[in-house]
Structures are given as C-alpha cells and as structure tokens.
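Notes for the one structure printed next.
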4 protein chains.
Amino acid sequence: DTPFVIAGRTFTSRLLVGTGKYKDFEETARAIEASGAEIVTVAVRRVNVSDPSKPMLVDYVDPKRYTYLPNTAGCYTADEAVRTLRLAREAGGWSLVKLEVLGDQKSLYPNMAETFVAAEALIRDGFEVMVYCSDDPIAARRLEDMGCVAIMPLGSLIGSGLGIVNPHTIRLIKENVRVPVLVDAGVGTASDAAVAMELGCDGVLMNTAIAQARYPVRMAGAMRLAVEAGRQAYLAGRMPRRAVADPSSPLIGLVG
Amino acid sequence: DTPFVIAGRTFTSRLLVGTGKYKDFEETARAIEASGAEIVTVAVRRVNVSDPSKPMLVDYVDPKRYTYLPNTAGCYTADEAVRTLRLAREAGGWSLVKLEVLGDQKSLYPNMAETFVAAEALIRDGFEVMVYCSDDPIAARRLEDMGCVAIMPLGSLIGSGLGIVNPHTIRLIKENVRVPVLVDAGVGTASDAAVAMELGCDGVLMNTAIAQARYPVRMAGAMRLAVEAGRQAYLAGRMPRRAVADPSSPLIGLVG
Amino acid sequence: DTPFVIAGRTFTSRLLVGTGKYKDFEETARAIEASGAEIVTVAVRRVNVSDPSKPMLVDYVDPKRYTYLPNTAGCYTADEAVRTLRLAREAGGWSLVKLEVLGDQKSLYPNMAETFVAAEALIRDGFEVMVYCSDDPIAARRLEDMGCVAIMPLGSLIGSGLGIVNPHTIRLIKENVRVPVLVDAGVGTASDAAVAMELGCDGVLMNTAIAQARYPVRMAGAMRLAVEAGRQAYLAGRMPRRAVADPSSPLIGLVG
Amino acid sequence: DTPFVIAGRTFTSRLLVGTGKYKDFEETARAIEASGAEIVTVAVRRVNVSDPSKPMLVDYVDPKRYTYLPNTAGCYTADEAVRTLRLAREAGGWSLVKLEVLGDQKSLYPNMAETFVAAEALIRDGFEVMVYCSDDPIAARRLEDMGCVAIMPLGSLIGSGLGIVNPHTIRLIKENVRVPVLVDAGVGTASDAAVAMELGCDGVLMNTAIAQARYPVRMAGAMRLAVEAGRQAYLAGRMPRRAVADPSSPLIGLVG
C-alpha cells in the first residue's frame with residue numbers, strides 16, 4: 001500500500017475517530033485504543049480545556065500519542081468557525097484542523113458557501129485545513145485548489161448511520177482531487193466503512209457509529225478491521241459484477 | 001463470541017473458501033493461507049484424486065491442517081449428488097459434506113426439490129449435510145428439520161458478485177433455524193462479507209470473489225478481516241439508522 | 001402491446017386487486033372501480049358467501065362485470081388449500097383460481113413444498129391454477145411444467161410494502177417460463193408497480209398497498225396509471241444506465 | 001390536487017421535457033405531444049433561431065401552445081450563462097428561464113458557486129429563474145432566498161439514467177423550500193419519475209430518458225402516466241413499510 005499522508009505527515013491507520021457522545025472519558029479512551037486510530041477529532045466548543053476541577057480529555061487520551069484534530073462542530077457561520085480554530089491554535093498550538101460549517105441544526109448538512117469563506121480565511125492564516133463538505137465533486141476540486149489538505153465529504157447525514165448513500169459522487173470526488181479523500185459522516189456499521197474504502201477513499205472518519213453502538217469498544221475494533229478490509233479489497237481489485245442481462249438497458253461507463 | 005460449531009466440531013474462522021478457479025494450486029494454497037479459513041470446499045467431480053502424474057490439491061493444501069468439505073458442484077439431480085458424495089466418502093472418508101443440486105447451467109440457482117430428495121438420502125446414509133439453498137425461510141426450516149447441520153442460502157447468484165441482494169430473507173432464515181446459517185454465494189467484495197455477518201449469519205463461504213480478484217491473495221486477506229469485522233459489528237449492536245421522516249410511511253417491524 | 005391472456009381469456013388491465021382490508025364493501029367497490037382491474041381476488045375462507053343477513057361482496061362488486069379469482073389465503077397445507085378451492089368451485093363454479101399455501105403466520109412466505117402438492121392435485125382436478133410462489137426461477141419452471149397457468153412470485157413479503165427487493169430473480173423467472181408472470185406481493189406504492197412491469201412482468205396483483213393507503217381510492221387510481229406506465233416503459237425500451245466507471249469492476253451480463 | 005404554479009403561472013402537467021437528442025424535429029414534436037408537457041426546455045446555444053434555410057424547432061413545436069423555457073446548457077461560467085439568457089430574452093422575449101452552470105464536461109455536475117453568481121445577476125436583471133442545482137438542501141434554501149422561482153436538483157448525473165440516487169437529500173430540499181421543487185436530471189425510466197413525485201416533488205424535467213429510449217414517443221407516454229401515478233400516490237399517502245425487525249437497529253425519524 002502507498003503511505004497515507006495528510007499535510008506531509010504519514011499515518012498508518014486510515015480510521016479517524018471522534019471523541020464525543022461516549023458515556024465517559026474512560027470509555028472514550030478504550031474505544032479509541034481499540035479503533036487503532038492515530039488522529040482523533042475534538043470539538044473545540046464542547047471540550048473542557050480550562051476547568052481543572054472537571055475531567056479533561058487530555059488525561060485520558062494522550063495528546064503526545066494521538067494527533068488531536070480540533071474541529072468546529074456546532075459552528076454555523078464562517079466567522080464562528082474561524083474564531084473557534086484561532087482559539088484552538090492559541091490554546092494548543094494546533095494548526096492541522098478540521099473545518100465544518102453546518103447549514104442547520106436539523107440536518108447538520110454543511111453550509112458550503114460559508115465553508116468556502118472559512119477555508120479561505122484559515123488557509124490565509126496558515127492553518128492546514130481538512131474540510132467537511134457535501135458530496136459535490138466540483139466543490140471538492142475548488143476546495144483542493146484553495147489549498148485544503150484533505151476533502152471530507154459526507155456519506156450521509158451526520159448521525160444518520162445510513163452509510164454511503166451515493167457512491168457515484170464519492171467516486172467522482174476521488175477522481176477529481178489529488179489530496180486525500182475521507183468519508184466523514186454517515187457510517188453506521190462496519191460494512192459502511194468497508195464500502196467507503198472500496199470506493200477508493202483514503203480514509204474514514206466516524207464518531208456516532210462507535211459511540212452509540214451498544215458496545216462501543218467492540219464496535220471500535222470492528223471498524224478497525226473493516227477499514228483495513230475495505231482498503232485491502234480496493235487494492236486487490238474486486239471481481240466484476242455479473243447481472244442477469246437486461247438487453248434494453250446495458251450499463252455503460254459514463255466517465256473515468 | 002460464542003463458539004462456531006458445525007456438526008459438533010468447533011472452528012475459529014467463520015470464513016469458508018473454495019479451491020477452484022485459481023491460476024494454479026500454488027496460488028490456491030497461498031490464498032487459503034491468507035484467508036485464515038479452516039474449512040475448504042472441494043468439487044469432487046472436478047478435483048484430481050487419482051492420477052499421481054498430475055498436480056494434486058492435497059500436495060498444496062494439507063488435509064491434516066484443513067477440513068476438506070467435499071461438494072457436489074456440477075450436479076443437477078439428487079441422484080448425481082448422492083452418488084458423488086458416496087464416492088467421496090469411499091475415497092477420502094469424509095462424512096461432513098456440502099450438498100448443492102443446481103437448477104440449470106445458466107443461473108446455477110439451486111433446484112430445491114432435488115435438494116430435498118438428496119438431503120434426505122444422504123442423512124439416512126449417515127452424512128452430515130451442509131446444504132446450499134435458495135433464500136427461502138420455510139425451506140430452510142424444513143432442511144433443518146430433516147437433519148441438515150448447516151443452512152447455506154445464496155446471497156445472490158453463484159459467481160455474480162452482487163452481494164446480499166435480499167437481506168430480509170437471510171434474516172428470516174436466521175430467525176427460523178438453530179443450526180448455523182452461512183451465506184454461500186454472491187459475495188463480490190469485502191463489504192458484502194461484512195454485511196452477511198452483520199445480518200447475524202454464522203459464517204460465509206466464497207470462492208469467485210477471492211479467486212477472480214486481480215490479486216487473489218490480497219483479497220483473501222481482505223475477506224478474513226471483513227468477516228471478523230462484520231461479526232464484531234453484529235455483536236457490538238449497531239447504532240440505529242435515522243432517516244429523514246416520511247410521515248406517510250413509517251417503517252414498522254413486521255416480524256421478529 | 002400484445003394481448004394479456006391468462007388461461008385462454010384475454011384481459012385489458014394488467015392490474016389485479018384484492019378485496020380485503022378495506023373499511024367496508026362500499027370502499028372496496030370504489031377502489032376496484034378506480035383501479036381499472038378486471039380480475040379481483042377473493043379469500044374464500046374469509047368472505048361471507050352464505051349469510052344473507054350480513055353484507056355480501058357480490059352486492060358491491062358485480063361478478064358479471066369482474067372476474068372473481070378465489071384464493072386460498074389463510075391455508076397452510078396443501079390439503080386445506082385443495083379443499084378450500086373445491087368448496088369455491090361448488091359454491092360459485094369458479095375454476096380459474098389462485099393458489100397460495102403459506103409457510104407461517106409471521107412471514108406469510110409461501111410453503112413451496114406444499115404448493116407443489118396442491119398445484120398437482122388441483123390441476124388433476126381440472127382447475128386452472130395461478131400460483132403464488134417464492135422468487136425461485138427453477139421452482140417457477142416446474143410449476144409451469146406441471147400446468148399452472150400463471151406464475152406469481154412475491155416481490156417482497158405480503159403486506160411489507162418493500163417493493164421488488166430482488167429484481168434479478170424476477171427477471172430470471174420471466175426468462176424461464178412462457179405463461180404470464182405476475183408480481184404478487186410486496187408492492188407498497190406506485191413506483192413499485194411500475195418497476196414490476198419494467199422488469200417485463202405481465203401483470204401485478206396487490207391488495208394492502210391500495211387498501212391500507214390513507215386514501216385507498218386515490219391510490220387505486222395511482223396504481224392503474226403506474227402499471228400502464230411501467231408496461232409502456234418496458235415496451236419503449238429504456239435508455240442505458242451510465243455509471244461512473246469502476247475500472248476494477250465492470251458489470252458483465254451473466255445470463256440471458 | 002393543489003395547482004402547480006411556477007412564477008405565478010399555473011400549469012396542469014408536472015412533466016417538463018427537453019427538446020434535444022431526438023432523431024429530428026418531427027420526432028421531437030411527437031414525443032412532446034405524447035408527454036403531455038406544457039413547458040419545454042430549449043438549449044439557447046444549440047438551437048437554430050436565425051437561419052431560415054435550416055429546420056427550426058418553432059415550426060414543429062408551437063411556441064404559442066408550449067411555454068418555451070430557454071436554458072443555458074453548455075455554459076460553464078456565470079458570465080456565459082448570463083450572456084446566453086440575455087440573448088434569449090432579446091431574441092424571444094422570454095423572461096422565465098432555466099439556469100444551469102456546469103462544472104465540467106465529464107460529469108455535467110453543476111458548478112454551484114458560479115450558479116449563485118449567475119442567479120443573482122439574472123434576478124437583478126428581472127429574469128424569473130428556475131435553477132438546476134446539486135441536491136444540497138442548504139444551497140437550495142439560499143437559491144430560494146435569492147429569489148429563484150423553482151429549485152431543480154439532480155436525481156443523478158445528467159444522462160446517467162440512474163434515477164433518484166439519494167432520496168434523503170431530495171426530501172430535505174422539499175422540506176427546506178416553499179417554491180416548487182423539480183427533479184431535473186437522472187430519470188432513466190418511468191418508475192424513476194414516479195419515485196421523484198412520491199418524494200413530494202412538484203414536478204420532473206427530463207430529456208435523455210425519452211429521447212434515447214428505443215421508442216421515444218412511447219416512452220413519452222409512459223412518462224406522462226408515471227408522473228401522474230407518482231403524484232397521485234403521494235397524495236394518497238402510501239402504506240407503511242414493514243421490515244423484518246432488526247432489534248439492534250430500529251429506524252428512527254431524524255428530522256421533519
């Protein structure tokens with residue numbers, strides 16, 4: 001396999017995980033351990049970084065061992081997102097960040113117009129921006145052209161667990177950009193993660209699928225295996241599909 | 001995890017693999033090794049068991065290390081299938097067998113009527129019968145009632161690589177029988193194997209998906225991981241799916 | 001279009017409808033009228049044919065205008081089914097019948113073994129048998145060989161509204177037999193009926209999708225249009241599908 | 001049914017059709033007639049409007065009978081699109097237009113950033129803009145807020161015939177805006193058109209599915225029926241779907 005490189009840093013694991021929605025930090029730590037992830041996302045607006053009287057993530061998930069990836073979960077404008085990440089940089093020195101600007105609370109679908117504005121400001125500011133986005137292959141290329149270091153389209157709505165609803169657009173994104181493409185929402189179970197990798201994506205980011213499983217630590221282990229399985233299957237080159245012929249409707253390659 | 005027991009024998013790996021369609025026995029052996037399988041199916045009618053001047057499978061895949069599972073690939077009547085397995089027992093002493101009686105050469109869909117006749121004769125004869133069958137939950141229960149030791153429904157047509165087309169019937173079969181259920185045709189890539197396990201199946205059997213991948217040994221490794229990933233995800237209890245509400249069409253549990 | 005002929009009788013409408021699950025016979029009659037159906041199924045075991053003090057279907061749905069198709073809903077053995085249809089013939093003179101032998105109350109999946117026994121007895125008895133069956137193309141051919149006049153595979157479980165879950169097997173059935181093929185369970189909404197016809201089926205039978213819609217009469221009209229739309233689309237020969245190329249996985253015609 | 005109103009004009013047919021890709025204008029005219037469409041799109045850059053020595057669309061498809069909807073097919077920048085529609089207005093006086101700004105020739109996916117720029121300029125210019133767009137519910141609302149008179153998301157790539165790949169986002173768009181929503185690319189056959197309407201969309205626009213069918217006029221008639229079937233089914237309120245229960249994964253309404 002080729003190395004998995006984001007912004008010049010090489011990683012072994014292609015599975016990135018969130019740190020929210022767990023019962024407690026103890027469980028968070030055990031699930032992350034089981035997942036084999038090397039990069040963990042942290043919601044800057046939600047995590048306790050200043051009150052030493054309350055539990056702190058850093059006491060459970062060692063920032064020396066894991067690459068913390070601050071994200072802008074809960075931000076609905078470019079302005080909020082940019083301010084949030086500037087705070088994160090001041091607090092922890094992080095410059096590799098995950099940008100997400102959400103469109104509304106109901107769907108958590110990205111607001112792409114605000115995402116472009118924020119990405120531009122952050123890149124100008126010297127951040128290395130991994131960006132949550134819609135599954136729009138033209139927008140993906142534009143984000144790469146702006147200087148984003150990874151494109152992170154949704155597989156389906158955040159927290160939906162519906163998997164990769166539109167494999168066609170994910171494949172187009174992968175064809176359209178050279179920086180890593182990571183599916184960043186929608187994974188519900190192990191096979192979904194494998195599908196993402198089989199489409200040729202470079203990695204997968206998930207949170208709810210692990211944290212909201214009945215047994216999160218066990219699911220974290222399943223996801224570790226599934227991402228590796230999907231990657232190996234992609235590299236192995238799957239057998240052709242053979243369907244009962246529909247003479248009136250051959251399947252024709254559109255692009256490629 | 002609970003042990004994986006077929007006909008009183010306990011296995012660790014839930015992935016069973018075929019031995020046909022490879023470039024040569026060398027590749028067969030390496031792929032099986034990479035798959036981690038403990039049970040390998042052998043097409044009695046196709047394998048060379050008597051001519052020492054030609055390569056023999058047993059020289060590459062050690063029958064002391066692997067459980068050979070003779071199958072009736074290529075049989076289109078109960079009579080052919082029963083005779084084939086009697087020959088296998090005389091030649092190799094095998095009594096744990098995989099019965100498949102095919103309906104036609106075009107689809108390789110099972111002929112269930114002939115399958116019932118053959119299963120009955122074989123069980124009366126003292127064989128332990130694992131049985132390839134359609135995804136019919138009523139037929140599955142009848143096969144169990146007759147004494148079959150494992151029910152092996154197709155996920156889709158043999159050699160099609162279309163995956164598990166009808167998860168509803170596979171789930172019904174799993175609810176209807178107590179002996180192990182193994183998906184036995186249709187797997188095309190790693191995620192398909194994971195899906196089979198996530199539905200609660202006890203194992204998966206495949207041949208083409210590995211042998212006809214561009215790099216069979218690598219795919220065998222992917223399948224090993226995928227079966228384990230799917231099993232762990234099943235045991236972990238996945239998160240609920242959440243869809244955009246369609247007020248006119250709630251999804252209701254039908255059976256269970 | 002070629003004529004739609006069942007057992008020597010020519011029909012115009014390719015939509016067959018059930019008469020159960022409505023609020024009252026008034027609504028039944030209006031929905032059937034809106035559906036344009038010429039054949040209506042009647043559950044012999046459930047319909048009142050003898051007590052003149054209670055409402056009778058025949059007073060609302062004129063047997064001179066509609067072809068009554070007695071069915072064996074609620075029968076779980078060949079014996080029950082055969083007796084039920086003999087009673088129907090004695091009572092109403094019907095010889096064109098719909099046979100269904102169910103496997104269990106939970107799934108309402110057909111019991112194919114009992115179905116074969118019943119079909120044979122009924123055909124020997126002079127009945128013209130339309131037969132509800134699983135989506136097994138080998139069984140379908142055997143039912144035709146026995147003399148059944150129409151093959152009626154399920155699209156998905158009775159009452160599920162999940163549509164045509166496995167189009168591959170329905171297409172195989174259509175290729176395997178010459179008598180009419182009608183999808184007989186699973187339709188949930190108009191597009192499902194269109195899909196059945198686009199696969200090349202000769203007709204569709206439904207009950208719940210109309211009777212359990214919020215506005216049954218309106219849904220009956222929708223189904224009338226959908227069956228005609230699907231039939232015309234089939235005859236028109238649809239455009240090819242064009243997918244983003246997956247070089248490692250071309251779609252290949254398997255059979256046909 | 002409520003009336004179908006776009007920019008203050010009421011239409012009866014919810015099916016809009018293109019005029020390109022036919023064998024000749026004769027066939028175009030017959031297919032449009034069979035479709036029942038009242039609005040036909042015209043690619044301003046491709047149609048002959050000035051050379052009287054060559055066949056002209058207006059001689060076959062009467063602009064007094066049909067509402068001509070000039071579109072910007074073939075435009076890849078906001079500037080091109082705006083100039084194209086200004087030309088159309090000068091030539092034919094049309095102010096109700098369909099804007100599409102494409103991202104690249106390979107995918108024909110919309111360029112949303114350029115689409116926003118063009119929509120703003122056109123609306124300022126007094127055009128009534130129906131807009132082809134990605135299936136992004138946040139972008140859809142923004143286009144409505146800018147003053148677009150209809151939102152026209154793709155069901156799948158133009159010319160792909162893959163149908164409505166992501167029903168979730170289409171449904172979200174319908175929830176997010178008040179102006180009419182029309183699915184504007186991807187329909188391949190009649191059932192796809194029915195699905196679009198069953199999701200609650202107000203209309204469907206298609207070209208290739210009709211023009212590239214083996215028998216375009218027949219397919220046009222199928223589409224007319226399918227759109228009406230899907231609309232009626234939506235209004236009728238379909239039965240609930242009932243799946244075999246997966247206790248570990250109930251389906252939960254996310255939004256709505």
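Just so it is clear: chains get the letters A, B, ... in the order the sequence lines come, proteins before strands, and each one is counted from 1.
When the candidates C:Ala229, C:Gly230, C:Gly163 are compared by the number of heavy-atom contacts under 4.5 Å with chain D, C:Ala229 comes out ahead. Per-residue counts of heavy-atom pairs under 4.5 Å with chain C were compared for D:Ala194, D:Gly221, D:Ser191, D:Ser156; the largest is that of D:Ser191. Taking C:Glu228, C:Met219, C:Gln212, C:Arg231 one by one and counting their heavy-atom pairs under 4.5 Å with chain D, the maximum is reached by C:Met219. Among D:Thr208, D:Thr189, D:Val217, D:Val195, the residue with the largest count of heavy-atom pairs under 4.5 Å with chain C is D:Thr189.
A salt bridge is absent between C:Arg218 and D:Asp1: the closest approach of a Lys/Arg side-chain nitrogen to an acidic carboxylate oxygen does not fall below 4.0 angstrom. Taking a cutoff of 4.0 Å between a charged side-chain nitrogen and a carboxylate oxygen, C:Arg171 and C:Glu198 do not qualify as a salt bridge.
Interface residue C:Val187: only backbone heavy atoms are found under 4.5 Å from chain D.
The side-chain contact (heavy atoms from CB on, under 4.5 Å) test with C:Tyr66 singles out one residue from C:Ile39, C:Ile32, C:Thr19, and that residue is C:Ile32. With respect to D:Pro137, the side-chain contact (heavy atoms from CB on, under 4.5 Å) criterion is satisfied by exactly one of D:Ile170, D:Ile151, D:Leu172: D:Leu172.
Enclosure of atom CZ in C:Arg45 by more than 12 non-hydrogen atoms of other residues, nucleotides or ligands within 6.0 angstrom is indicated.
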